[in-house]
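Start at 1 and go down the list; that is how both ligands and their atoms are numbered.
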Amino acid sequence: MAIDFATLKQLAEQSAAVTQSCSCNDAHLLAWQLMPPTLELELDQFKETGSLVEDPYDEPTFKEYHPAGTQLQSDDAPIAPRYYPANRSQLLRCVKCGRHYLRYTEGGGYFTEVRLRALRPPLLVDASL
Ligand SMILES: [Zn+2]
């Protein structure tokens, strides 16, 4: 079952309140990015704490949410849990500092790429499809 929006918002606000320096924060994961090599070595650094996938038996939409003209790779692109790629993301918590991130796997078949993005409260939008 997917994490509800209120919980997600709360976790985002908790993350934003963390001031401790940490390698995850140094990676500046404002937009969706490939898992940086500095963190790839430390996969144990992240613990999966939930999922944004509403129904594992249903293929989530590839529609994106960009009312302000942002793009998938924009730093300020909204995080709308029902839209791609948030709708196929897992929620990760950094065990060192407690900040939260979204992770999804791009591709399939010939290649897969793990992408990460910081969960930032001002970007969260509870938009319906
Ligand atoms: Zn961290």
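Sorted by chain and number, the protein atoms of type N, O or S within less than 2.8 Å of the Zn ion (ligand 1) are C22 SG, C24 SG, C94 SG, C97 SG.
Residues L11 and L124 share a hydrophobic cluster, clusters being chains of Ile/Leu/Val/Met/Phe/Trp/Tyr side chains in contact below 4.5 Å.
Side-chain atoms of P60 and Y84, non-hydrogen and from C-beta on, never get closer than 4.5 Å to each other.
Between Y65 and Y83, the angle of the ring planes lies from 30° to 60°, which puts this pair in the tilted group.
Between the side chains of T7 and D4, at least one donor N or O sits under 3.5 Å from an acceptor N or O. Side chain to side chain, E113 and T105 fail the donor-acceptor criterion of an N or O pair below 3.5 Å.
Across all their heavy atoms, R117 and P78 have their closest contact at NH1-O, 3.9 Å.
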